[in-house]
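In this text the structure is predicted, and so the values were computed from the model without any measurement.
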Amino acid sequence: MFLNPQNNRRSCRYRRNADINITNLMDVMMVLLVVFMVAAPLMTSGIALDLPKVGGKALEGKDTSINISVDKDGYYYIGETEVPADKIVGKLNAMRDANSELSVTISGDAGAEYGRIIGLMALLKDAGFEKVGLKTEPKPLNHRGKK
């Protein structure tokens, strides 16, 4: 019987593993998941407010929205930065120049004066902002499950 030396070499060679080892990928993905789960609640911007609780469902939209907060002492905030009332329109106009579909949401503390919030809405309406809304929290359910 004739033995071919080349066939002998091929059978003794180490075969490469064609499987993909995803253990390292899963480890990295789990770490990223934990980091995002911890960081997501911290990414809310603005100041702590006690929003009024009313019925209704949340507004949905794809427009970019700017949140203006009014605290119980009547101070205005864009994000976490306090802004005087006379400079709010200028800042928002600069933002509207970058995005013409800008909408404004006002978050008023439940203890804030009604006149301060309505005055801000009137100021924004006079400045040409058509999309101005109020942010509230849903009303808590009573003991029978009704709103």
* Could you grab the distance from atom OG of Ser69 to atom CD of Glu80, nearest 0.5 Å is fine? => 9.5 Å
* For the student: nearest non-hydrogen atoms of Ala85 and Leu123, plus distance -> O-CD2, 3.8 Å
* To do: Taking atom CD1 of Ile22 as the centre, report whether more than 12 heavy atoms of other residues, nucleotides or ligands fall under 6.0 Å from it.
  => no
* Measure the shortest side-chain to side-chain distance between Leu92 and Ile68 over non-hydrogen atoms and say whether it is less than 4.5 angstrom. => yes
* How about Met95: does its CE atom have over 12 heavy atoms from other parts shown lying under 6.0 Å from it? -> yes
* **Distance in Å, Leu134 CG paired with Ile118 CD1, rounded so as to fall on 0.5 Å steps** => 6.5 Å
* Structure fact -> In this structure, CG of Asn67 is separated from OG of Ser103 (nearest 0.5 Å) by 10.0 Å
* Between atom CD1 of Ile66 and atom CG of Leu102, what is the distance when rounded to the nearest 0.5 Å? -> 5.0 Å
* Structure fact -> Quick note, side-chain hydrogen bond (donor to acceptor under 3.5 Å, both in side chains) partners involving residues 20-37, not counting sequence neighbours, are Asn21-Thr23
* Asked: Can you list every pair that meets salt bridge (Lys or Arg N to Asp or Glu O under 4.0 Å) and has a residue in residues 117-127, with sequence neighbours left out?
  -> Lys125-Glu130
* Asked: Are Val35 and Leu25 connected in a single hydrophobic cluster, I mean Ile/Leu/Val/Met/Phe/Trp/Tyr linked by side-chain heavy atoms less than 4.5 Å apart?
  -> no
* Asked: Would you say Asp109's side chain and Gly111's backbone share a donor-acceptor pair under 3.5 angstrom?
  -> yes
* Asked: Between CD1 of Ile117 and OH of Tyr76, what distance do you get to the nearest 0.5 Å?
  -> 8.5 Å
* Asked: What pairs meet the side-chain hydrogen bond (donor to acceptor under 3.5 Å, both in side chains) rule with one or both residues in residues 82-93, with sequence neighbours excluded?
  -> Asn93-Arg96
* Determine, using the 4.5 Å side-chain heavy-atom cutoff (strictly less than), whether Val34 and Met26 are members of one ILVMFWY cluster. => no
* To do: First locate atom CG of Asp71, then atom CZ of Arg116, and finally report the distance between them rounded to the nearest 0.5 Å.
  => 9.0 Å
* Asked: Is Val132 linked to Tyr114 within one hydrophobic cluster, defined over Ile, Leu, Val, Met, Phe, Trp and Tyr using a side-chain heavy-atom separation of less than 4.5 Å?
  -> yes
